[in-house]
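These notes are about the structure you will find just below.
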Amino acid sequence: MTSQRQERERYKPHEIEPKWQQRWVQDELYRVRDDDPRPKWYELTMYPYPSGDLHIGHWYAMSPADAHARFRRMQGYNVLHPMGFDAFGLPAENAAIRRGIHPFTWTMSNIENMRGQLKSIGASYDWERELICCLPEYYKWTQWLFLQLFKNGLAYKRMAQVNWCPSCQTVLANEQVVEGACERCDTPVIRRDLEQWFFRITQYADELLDFSKLDWPEKILTMQRNWIGRSEGADVSFDISECGLPEQEIRTFTTRVDTLFGVTYMALSPEHPLAEALTTPDRKAEVQAYQEQARHSSEIERQSTEREKTGVFLGAYATNRINGERVPIYVSDYVLMSYGTGAVMGVPAHDTRDFAFATMKGLPIRVVVAAPDWDGNALDEAYTGEGIMVNSDFADGLPNRQGATAIVDRIAEQGHGRRTVTYRIRDWLISRQRYWGTPIPVVYCDTDGIVAVPEEDLPVLLPEDAEFKPTGESPLKRHEGFVNTTCPQCGGPALRETDTMDTFVDSSWYFLRYTNPHFDQAAFDPELVRQWCPVDQYTGGAEHAVMHLLYARFFTKALRDVGVLQFDEPFVRLYNQGTILGEDNEKMSKSRGNVVNPDDYVGTLGADAVRIFLMFLGPWDRGGSWSSTGIQGMSRWLNRVWDLCTRDASSQGKGTEDGTREVVRQTHKTVKRVIEDVDGFHFNTALAAMMEFTNFLAKAWDRGEADAGSWAKAVESLVLLLAPLAPYVSEELWERTGHAYSVHQQALPTWDEEQTRDEEVTLVLQVNGKVRDKIIVPANLSEEDARILVEQSANVHRHIEGKEIRKVVYVPGRLLNVVVG
RNA sequence: GCCGGAGUGGCGGAAUGGUAGACGCGGCGGACUCAAAAUCCGUUGGGGGAUAACCUCGUGUCAGUUCGACUCUGACCUCCGGCACCA
């Protein structure tokens, strides 16, 4: 055997991998046919940003996804598993400013490099369908889609207080502000008033909360639910007619209308439009100073819950119409202009924030919902639970939920309020004051105002000769040739919009474009979209929960309403892979020096080893740590697989009858386990099953138990099962075992349930639930026979001797438990 | 604070009511080698016992359900992720 092994060729990944890579390209093995009659399966992985280097995180996202797509192909589906590049975005422009390279050049050369690295993964991408969203052939249609939203009132421009990142020199969407700082660069965000373009995502808030058609991780649904933040409550208006202003009332939103009799003050956001007018002359200076201070404090400072409540009395009063009481009006920065109406009714007894504020200002705290154990004394803290209404006139004595109904009915009757729903989500701000993005296709004309660029004039091209300087101003703004244009309506002089779109607009529809990425008649070919979409299985990181994944859902629904799509949801199933960490269990980063370069391992151990190691290190959705010794183990195993599969089985002779039967049984068992595991993304246990199988085969060979036929079948099954996970070595072994090219066009092996059953099993003998003996018995052993056998076990005997047998539990094929007392 | 998820050998993990620790890494012992690397074989949760038989402890903690609990129930602790002055 040893001598034979030396004669055979060894596993040389660095030789076979480039060979098959070329062959597959040459044969167009992964070309996806639209006219294939098999059922379709669209399996999509989130496309990467072309940063220039394919790192191990990309491999972790892509190789298991590719394995699953290949697996579906071997299951008989016509699989679309495309790849492309999220090619617009800030890093390219920053490189242009710092190093003088044009963003286009920088991006395309990065793509060039990454495409090569991607090919080494051995993924089954059809490169004919590659999509690059910074090319005019793509962004022309991003602009076209923008125009459809614009024409349908789903895209609009308005002045708004927006998040501005001073480092990125652009506004950000709410979704891109994390704890008051820029999601990209961590710079604290400041607020600015700017005229900006928005998409009306709020119009879809309720529909976006309907997840009934989705098979998505609960975690993502929860995050989207929280982000949309639907709360049911009531609008209540307070009378300010005594102040002599045009406005007669202040509207507030509350989820606790039952506490309306407990209002002892009102608080407005510092940015509230009525704040200034309501301020009495003697308070002007103080109020203005407070507003000024609020404007300059950062989001982080303002949003800190630990901070003490502050605020200033305006000098004015509002009347609570339910009881005719006059309450003082304050401004306070704990009230956010962006939520509800920007004004709150202060109920210190039943809201922790209001309690803190009232305590600070010495305002009355009136209990209107009595806790079951309330003794009538002053509260130490706000009571936010359920209770019986008190101090509330007609509502007294009611449980507070019923009290809420009574009160809202009364104010609705009197026209001072009504039931309403408020959302946390705001419209999606898509303007970016940067060059490297899709230009927003509108012009501004003195006569006609905002005018959409006619569809036949698309694309609005990015000027190639823009200048990139660190001034913080968009190069488009300074580019006269770009800015100055004529109005499509009146022909007079007009100015182009110089803002570009958030790159999340590009990725909100890219999955549609893959069906025919070079189609020049429309954004997508409706026929092919009908055929391929929606995406059956989407995979990617959970960090996109309330950005990309929410935007793409919105876009799909909006395009449906515009009339160009027929479905409601872009991604039917979603799987989030975890994060790959460095060898030190820390997030990989250059500063930590724990970054793993996949190319190093591809060059030595091969792409297959990298792929299967990433799949083996644990459940895919949990992530895991890189291990340089762990991957050696995978490589060792591939060598063993190679060795087993290249043996000459005819030298084995006839084997033994029992041995052969066992080889057949283990083959069927393994086929079943691996197929079920890979189907459910459990790559780690699928590989473990194959390893157990190879361990078994090696032993069976050494004992001379297998006959040539069962051995060949075992090897064939193993190679087929391995093919989706380790495509190169499987292809090579498929050829070397005398099969016709290509393993990747084969069907998965099948198993026969009957053949997976063991004839003999280990029966565990327990006394009072403790294992006392193990015996080998026929699988179909009857309970009577089992009871006889247990009598013969000396060990069991010792533990039941002299004791009364109370009960015997027999689980066929598993155990027999004798309960004694 | 609220909402998720997770706690199992030296490490990654397996087992979702029935033999805890599959599989892999690492360790130890051995074969091959002048030697090393690579490879192969054996062994590997802790304690007791003689390296045996066997006993005992052991899946974050404490209770409970059950013949039997990593698995189910309740309370708590820790870690990770998300959200957070949202009225």
Side-chain angles (χ1 to χ4, degrees), chain A residues 1-2 5 10 178-179 217-223 225-227 229-231 233 252-256 259 267 269 302-307 309 332-336 338-347 350-354 356-357 422-425 542-543 545-546 578-579 585 612-613 616-619 621-634 636-637 639-640 643 682 684-695 698 702 761-774 794-795 798 806-811 813-821:
Chain A
M1 259 176 288
T2 316
R5 191 170 303 146
R10 294 190 52 202
V178 177
E179 287 174 10
E218 197 53 46
K219 178 185 166 176
I220 302 292
L221 303 187
T222 305
M223 285 168 74
R225 229 175 256 128
N226 290 342
W227 184 259
R230 183 180 200 273
S231 31
T252 64
F253 172 76
T254 179
T255 53
R256 291 296 306 276
T259 64
S269 156
R302 245 186 103 167
Q303 286 182 6
S304 165
T305 48
E306 259 107 84
R307 225 171 110 231
K309 300 271 176 290
S332 175
D333 65 3
Y334 84 90
V335 183
L336 308 174
S338 48
Y339 185 77
T341 62
V344 301
M345 57 182 224
V347 186
H350 304 293
D351 182 284
T352 48
R353 296 151 302 171
D354 296 352
F357 186 80
T422 290
Y423 300 88
R424 198 184 95 107
I425 191 171
E543 66 275 14
V546 296
T579 315
N585 301 321
I612 63 168
F613 173 66
F616 184 68
L617 60 86
D621 55 356
R622 276 212 250 159
S625 305
W626 181 260
S627 161
S628 50
T629 50
I631 190 171
Q632 302 283 346
M634 290 302 103
R636 258 196 303 268
W637 179 67
N639 271 294
R640 284 203 297 275
D643 170 62
H682 306 299
N684 56 330
T685 47
L687 280 159
M690 285 189 256
M691 287 173 183
E692 281 183 64
F693 189 47
T694 52
N695 290 346
D702 288 347
V761 292
T762 304
L763 188 72
V764 173
L765 304 180
Q766 297 184 332
V767 177
N768 287 350
K770 291 196 171 183
V771 180
R772 294 304 178 189
D773 207 350
K774 296 169 190 179
N795 242 338
R798 194 143 28 96
R806 291 203 178 150
K807 191 174 175 181
V808 175
V809 181
Y810 179 56
V811 183
R814 290 270 182 198
L815 57 79
L816 187 138
N817 187 13
V818 183
V819 185
V820 296

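None of these values were measured; they are calculated from a predicted model. Order of the sequence lines fixes the chain letters, A, B, ..., with proteins taken first and strands second; residue numbering starts at 1 for each chain.
- Taking atom P on both nucleotides, G7(B) is separated from U16(B) by 14 Å, rounded to a whole Å.
- Contact annotation: N817(A) does not reach the phosphate of G18(B) (side-chain N/O to OP1 or OP2, under 4.0 Å).
- D354(A) approaches G346(A) most closely through the heavy-atom pair OD2-CA, 3.5 Å.
- OP1 or OP2 of A87(B) lies within a sub-4.0 Å distance of a side-chain N or O belonging to S231(A).
- In terms of position on RNA chain B, the residue among E692(A) and V546(A) whose nearest nucleotide sits closer to the 5' end is E692(A).
- Remark: the separation of the C1' atoms in A14(B) and A63(B) is 28 Å, to the nearest Å.
- Regarding contacts with the backbone of A84(B), a side-chain N or O of R424(A) is found under 4.0 angstrom from either OP1 or OP2.
- Checking the phosphate oxygens (OP1, OP2) of G26(B), a side-chain nitrogen or oxygen of R636(A) falls inside 4.0 Å.
- Across all strands, R814(A) comes closer than 4.0 Å only to sugar-phosphate atoms, never to a base (heavy-atom distances).
- As a whole-Å value, the separation of N639(A) CG from A37(B) C1' is 15 Å.
- Atom name P, nucleotides G30(B) and G48(B): the rounded distance is 24 Å, in whole Å.
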request  = Starting at the 5' end of nucleotides 6-12 of chain B, put B wherever the base has a protein heavy atom under 4.0 Å, S where only the sugar-phosphate does, and a dash everywhere else.
outcome  = ------B
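- Nucleotides U65(B) and U71(B) have their C1' atoms positioned 13 Å apart, rounded to a whole Å.
- Using atom P as the reference point in both G49(B) and U56(B), the two lie 16 Å apart (nearest Å).
- Counting non-hydrogen atoms under 4.0 angstrom, G229(A) reaches nothing in the nucleic acid.
- Side-chain to base pairing of N226(A) with C83(B): no donor and acceptor N or O lie closer than 3.5 Å to each other.
- Here N684(A) does not reach the OP1 or OP2 of C23(B): none of its side-chain N or O atoms lies under 4.0 Å away.
- Heavy-atom minimum distance, K219(A) versus A542(A): NZ-CB, 4.3 Å.
- A sub-4.0 Å separation between OP1 or OP2 of U39(B) and a side-chain N or O of R640(A) is absent.
- To the nearest whole angstrom, the two C1' atoms, one in A31(B) and one in A15(B), are 35 Å apart.
- Here V344(A) lies in heavy-atom contact (under 4.0 Å) with a base.
- Donor-acceptor pairing under 3.5 Å is lacking for the side chains of N639(A) and R636(A).
- Counting heavy atoms from C-beta outward, V767(A) and R798(A) have side chains that stay 4.5 Å or more apart.
- Taking atom CE on M223(A) and atom P on G4(B), their separation rounds to 14 Å, with Å as the unit.
- When each of K219(A) and D351(A) is assigned the nucleotide of RNA chain B with its nearest heavy atom, K219(A) is the one assigned upstream, toward the 5' end.
- Across the protein-nucleic acid pair, L816(A) atom CG and G18(B) atom P stand 17 Å apart, rounded to whole Å.
- G9(B) shows a glycosidic angle within 90° of 0 and is accordingly assigned syn.
- Using atom P as the reference point in both G13(B) and G60(B), the two lie 14 Å apart (nearest Å).
- No engagement by R806(A) is indicated, since no non-hydrogen atom pair under 4.0 Å with the nucleic acid exists.
- F613(A) is listed as a side-chain neighbour of S627(A), based on a closest heavy-atom distance under 4.5 Å.
- Between R772(A) and the phosphate of C55(B), there is a side-chain N or O to OP1/OP2 separation shorter than 4.0 Å.
- Nucleotides G9(B) and G21(B) place their P atoms 14 Å apart, quoted to the nearest Å.
- Of the listed nucleotides (G24(B), U19(B), C25(B)), G24(B) has the atom at the smallest distance from the side chain of M634(A).
- Phosphate contact (OP1/OP2 of A20(B), side-chain N/O of K770(A), threshold under 4.0 Å): absent.
- Q766(A) comes within 4.0 angstrom of a nucleotide base, judged by non-hydrogen atoms across all strands.
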